[in-house]
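Let me begin by presenting the structure, written as structure tokens, before commenting on it.
Proteins get letters first, then strands, A, B, ... in listed order; numbering begins at 1 in each.
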2 protein chains.
Amino acid sequence: MAMKEFLRTKGFKMTPQRDLIFKSFFEMDRHVSVDELYDRVRQLNSSVGYSTVWRNLKLICKIGLAEEVNLGDGVTRYDRVTKVPHGHMYCLKCKELIEFNVDHIMDFLTVTANENNFLPEGYKIEIQGYCAKCRETMSEDNGDRLT
Amino acid sequence: MAMKEFLRTKGFKMTPQRDLIFKSFFEMDRHVSVDELYDRVRQLNSSVGYSTVWRNLKLICKIGLAEEVNLGDGVTRYDRVTKVPHGHMYCLKCKELIEFNVDHIMDFLTVTANENNFLPEGYKIEIQGYCAKCRETMSEDNGDRLT
DNA sequence: CTGAAAATGAAAGTCGTTTTCATTAACGTG
DNA sequence: CACGTTAATGAAAACGACTTTCATTTTCAG
Ligand SMILES: [Mn+2]
Ligand SMILES: [Mn+2]
Ligand SMILES: [Zn+2]
Ligand SMILES: [Zn+2]
């Protein structure tokens, strides 16, 4: 009942679809795309519409429980919000996202913003490349171009 | 003639359109989108096609003179490559991109990648928020929600 | 010059995202 | 509970940046 109450205070209603979508999102791996969540939700209730999943993902962001992540591959992913900001290592081959702690950097970024009179709303720290798993695979397949 | 030679060594040909597009790109503010460059090029030669501008921007990237920048607003921008990696402060209101030095951070990112056996190909360091100019405007317009 | 290969421009295609619209459901109120 | 207002839903269409296709033109090495 907690989520329902929370939503009410913000002027939103609870529905069976919404309940299912929210629960599925929080149970799945963070960083899901609309399609991925849609597929999962459909397994549990095949009548839920794509736009409903999309709208609820947006809603989850609006109420501050997730944020959109854009990695330049044309697909928006949704990342559960945690207290700790973090960075992402993004594998260009398997698309996996590995998170890493970023505390060391935050001071620097904050100061930089300040110096420029820039009001920060969010940060994005990303390393693109190839994950350990893919590096193995790739070096087996074809010499070792990557090491 | 320098660029023409350079292209030839890579198997590409020089054309009047290409020449115009390349020159326009390097004269404009970095971080242009296809549309922005297209508009500029059309001012100088209104018969150049959109796809030609697009293809040449891709080419500039392929030969290593620029890279794509994605900020999650659905528009790809093209950033001239410089020896120094840098971060971007991205104004959510006026879309301006302010660059900042990022040397302090690179060590940390390199080490982080290493620890995870991740092979880095590129980095993205971004601060999203509101630039000095927009902050002024906004606080005039409506109290000072932003300070 | 000539011919093979690359480049161009217009138009069409792609694909994830977003909006529209008619209908249904939620839920505070009486 | 019944009601009325308002939000939510699902299907389909619209959107828009990006990418490809294809017929034609241009480049440039030989
Ligand atoms: Mn994350
Ligand atoms: Mn830049
Ligand atoms: Zn991988
Ligand atoms: Zn601004």
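- In this structure, the side-chain contact (heavy atoms from CB on, under 4.5 Å) partners of B:Tyr38, at least two apart in sequence or on a different chain, are B:Arg42, B:Tyr50, B:Val53.
- Here the C1' atom of nucleotide C:dA26 and the CZ atom of A:Phe12 are 14 Å apart, to the nearest Å.
- Taking every heavy atom of both residues into account, B:Ile63 and B:Phe6 meet most closely at CD1-CE2, 3.9 Å.
- Residues forming a salt bridge (Lys or Arg N to Asp or Glu O under 4.0 Å) with B:Glu68 (at least two apart in sequence, or on another chain): B:Lys58.
- A heavy-atom distance below 4.5 Å is found between the side chains of B:Phe22 and B:Leu59.
- Listed for the A:Asp19 side chain is no donor-acceptor partner under 3.5 Å among the backbone atoms of A:Thr15.
- Rounded to whole angstrom, the span from the NZ atom of B:Lys10 across to the P atom of D:dT27 amounts to 23 Å.
- A tilted orientation is assigned to the rings of B:Phe108 and A:Phe100, their planes being inclined by 30° to 60°.
- Without hydrogens or angle criteria, A:Asp73 side chain to A:Val75 main chain gives a donor-acceptor distance under 3.5 Å.
- Considering only the side chain of A:Lys58, C:dT18 comes nearest among C:dT17, C:dT18, C:dA7.
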Might you list the N or O atoms of the protein lying below 3.5 Å from N or O atoms in nucleotides 22-25 of chain C, with each pair's distance?
none

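- Atom CG of B:Leu59 is separated from atom C1' of C:dA7 by 11 Å (rounded to the nearest Å).
- One interatomic measurement links the two molecules: CG of A:Leu20 to C1' of D:dG10, which rounds to 15 Å at whole-angstrom precision.
- Both B:Glu68 and B:Met14 lie close to DNA chain D; mapped to their nearest nucleotides by heavy-atom distance, the more 5′-ward contact belongs to B:Glu68.
- At a threshold of 4.5 Å between non-hydrogen side-chain atoms, the residues B:Phe12 and B:Arg18 count as touching.
- Taking both residues in full, the closest heavy atoms of A:Cys61 and A:Tyr78 are given as SG-CD2, 3.5 Å, listed atom of the first, atom of the second, then distance.
- Regarding A:Asp73, its CG atom lies at a distance of 16 Å from the C1' atom of C:dT14, rounded to whole Å.
- Here the closest heavy-atom approach between residue B:Glu36 and residue B:Met28 is recorded as O-CE, 4.2 Å.
- Residue B:His88 forms a side-chain contact (heavy atoms from CB on, under 4.5 Å) with just one option from B:Arg77, B:Lys124, B:His31, and that option is B:His31.
- The terminal axes of the helix from C:dC1-D:dG30 to C:dG30-D:dC1, fitted over 5 pairs per end, subtend an angle of 30° to the nearest 10°.
- Nucleotide C:dC27 holds its C1' atom 14 Å from the CG atom of A:Leu7, rounded to whole Å.
- Contacts between residues 33-56 of chain A and DNA chain D, defined by a heavy-atom separation under 4.0 Å, are made by A:Ser47, A:Val48, A:Gly49, A:Ser51, A:Thr52, A:Arg55, A:Asn56.
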Would you tabulate the pairs of protein nitrogen or oxygen atoms and nucleotide nitrogen or oxygen atoms of nucleotides 28-30 of chain C closer than 3.5 angstrom?
residue	atom	partner	partner atom	Å
C:dG28	OP1	A:Arg8	NH1	2.8

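- Closest approach of A:Ser24 and A:Leu44 over heavy atoms only: OG-CD1, 3.8 Å.
- Using a 4.5 Å cut-off on side-chain heavy atoms (C-beta onward), A:Asn116 and B:Met89 make contact.
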